[in-house]
Amino acid sequence: MTTIHDFNFKGKKALIRVDFNVPLNDKFEVTDATRISAAKPTIVKILEDGGSCVLMSHLGRPKGVQDEFSLRHILKELEFQIGIKVNFVSDCIGPEAESAAANLKPGSVLLLENLRFYPEEEKGDEAFAEKLSKLGDIYVNDAFGTAHRAHASTTIVAKFFPNNRCFGILLAQEIKSIDKVLNNSEKPVLAVLGGAKVSSKITVIENILSKVDHLIIGGGMTFTFIKAQGGSIGDSICEDDKMDLALEILEKAKAQNVEIHLPVDVVAANSFSNTAETQVVDVTKIPDGWQGLDAGPKSLKNFDTVVNHCKTILWNGPLGVFEMSNFAKGTIALGNSIANATKNGAFSLVGGGDSVAAVKQFGFEKKVSYVSTGGGAMLESLEGRTLPGIAAILE
Ligand code: AMP
């Protein structure tokens with residue numbers, strides 16, 4: 001795997017695909033700078049070598065040129081994060097961008113305008129990619145969040161740098177973490193899959209069955225499995241058309257010696273609300289009019305035992321409706337169990353949008369081994385797919 005450590009950037013211009021698709025408030029201020037700070041190590045290494053950085057990213061989903069999606073809005077935060085003045089050019093290709101890149105001195109940084117102001121970016125247009133390629137000597141991909149897209153700046157541009165392309169520090173770390181869980185893992189290996197629906201996680205489940213020793217299934221997915229086995233789930237969320245699939249997964253797991261752990265009890269509520277009445281009930285005996293919104297205490301105790309028995313842990317998806325404080329206990333307890341296992345030497349990877357949000361919200365970020373920066377990209381990796389942005393560097 002070629003990374004920026006394989007190059008000396010002295011006197012060179014690095015064209016870096018970063019993922020600065022960050023949330024902004026109504027004053028266009030950055031409200032979560034995680035993705036900006038995550039790109040810092042790559043930028044710093046290149047500047048310290050005596051090179052310069054041309055940064056390119058998308059922001060949001062603009063329809064043509066729309067000022068609200070201008071990357072100018074993140075300039076202040078970027079300067080704050082990397083501690084130096086950053087030049088900005090209000091285009092990402094063409095004469096203005098080319099002259100800004102040509103005038104860039106070693107030790108300086110240039111941020112290009114939003115790539116998605118051009119529809120060619122998402123179409124993976126080759127001519128557009130070639131124009132981008134004029135802006136640097138070495139292409140660096142450091143954007144895991146968009147590595148599953150075959151866009152011009154994430155994938156196609158790489159072909160114009162046949163001998164001068166590599167992974168940035170962040171993307172290399174993401175690849176290594178996933179590999180450490182899926183391929184080079186210390187046993188026993190556990191995956192915890194939560195979240196709302198079986199349908200969105202089914203390919204992940206199918207792919208990881210051959211990689212894990214234990215699988216905890218929690219969150220809204222639980223009830224499709226419980227109902228499929230004849231349990232009463234009251235008004236809990238369920239995908240009836242996925243019940244056969246749930247039974248198939250249970251069969252396959254058995255055949256592959258994977259132990260599946262489902263909740264045995266749940267916190268049930270009489271409406272989908274934080275002020276609803278609640279009771280803890282057996283997961284197979286949820287009364288009509290009640291819905292399971294979090295894992296119950298017995299389940300959490302079981303999960304804690306499994307988590308602390310394992311040496312490699314992957315966590316994707318919350319155990320309950322953690323956005324409501326009365327149904328966040330399961331997700332918090334699981335976070336504590338994983339933090340404890342990590343402290344005792346396990347490798348833990350948290351990935352996928354909502355579990356990352358939960359980990360941050362409840363302060364587990366520094367207590368797990370690695371928190372992925374990619375949602376869709378992470379899921380597709382767990383599904384066993386080779387991401388086009390990664391393949392383009394490796395080819
Ligand atoms: P996902 O994006 O598939 O990881 O799903 C995350 C969502 O699942 C979160 O918004 C949770 O509120 C939701 N969720 C977790 N447990 C349940 C449950 N028991 N019933 C309904 N939704 C749930």
Side-chain angles (χ1 to χ4, degrees), residues 145 148 191-208 215-228 231-240 242 245-246 249 261-300 303 314-335 338 349-362 364 371-383:
H148 58 316
V192 185
L193 295 181
K197 291 181 172 175
V198 179
S199 49
S200 61
K201 303 280 161 85
I202 185 64
T203 332
V204 174
I205 300 180
E206 282 173 342
N207 183 48
I208 60 172
L215 176 60
I216 292 178
I217 295 177
M221 280 201 287
T222 306
F223 307 103
T224 304
F225 283 86
I226 299 296
K227 189 173 173 189
S232 303
I233 59 162
D235 295 353
S236 305
I237 184 173
C238 181
E239 289 168 281
D240 285 344
K242 293 288 175 294
L245 204 58
I249 290 169
H261 310 269
L262 281 153
V264 290
D265 58 353
V266 287
V267 179
N270 62 355
S271 70
F272 190 80
S273 152
N274 201 33
T275 53
E277 265 180 60
T278 62
Q279 58 172 326
V280 173
V281 292
D282 185 313
V283 71
T284 62
K285 297 187 182 100
I286 305 175
D288 285 342
W290 294 75
Q291 52 188 302
L293 294 184
D294 198 8
K298 277 191 211 146
S299 312
L300 296 175
F303 293 168
L314 164 74
W315 180 17
N316 176 283
L319 283 193
V321 185
F322 74 99
E323 298 91 335
M324 299 187 211
S325 58
N326 286 338
F327 309 107
K329 288 192 191 77
T331 301
I332 296 174
L334 177 72
I338 296 177
L349 166 62
V350 183
D354 272 317
S355 27
V356 172
V359 158
K360 283 187 184 169
Q361 187 177 329
F362 303 125
F364 294 118
V371 181
S372 174
T373 55
M378 178 71 186
L379 276 183
E380 288 197 19
S381 304
L382 298 177
E383 286 171 355

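Order of appearance sets the numbers: ligands from 1, and atoms from 1 within every ligand.
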Tell me whether Ser355 contacts the main-chain N or O of Val350 through its side chain, where contact means a donor paired with an acceptor under 3.5 Å.
no

Treating Asn316 as the side-chain partner and Gly351 as the backbone partner, does any N or O pair qualify as donor plus acceptor under 3.5 Å?
yes

To the nearest 0.5 Å, what is the distance between CZ on Phe225 and CG on Leu245?
7.5 Å

With a 4.5 Å cut-off on side-chain heavy atoms, are Val281 and Val266 touching?
yes

Within the 4.5 Å heavy-atom criterion, are Val283 and Phe223 side-chain neighbours or not?
yes

Can you list the residues that meet the salt bridge (charged side-chain N to carboxylate O under 4.0 Å, His left out) rule with Lys227, with sequence neighbours excluded?
Asp240

Present, as a list of atom pairs with distances to 0.1 Å, all nitrogen or oxygen contacts under 3.5 Å between ligand 1 and the protein.
unit_1	atom_1	unit_2	atom_2	d
ligand 1	2 (O)	Asp354	OD2	3.2
ligand 1	3 (O)	Ala196	N	3.3
ligand 1	4 (O)	Lys201	NZ	3.2
ligand 1	5 (O)	Ala196	N	3.0
ligand 1	8 (O)	Ala196	N	3.2
ligand 1	10 (O)	Glu323	OE2	2.4
ligand 1	12 (O)	Glu323	OE1	2.7
ligand 1	12 (O)	Glu323	OE2	3.4
ligand 1	16 (N)	Gly220	N	3.2
ligand 1	19 (N)	Gly292	O	3.0

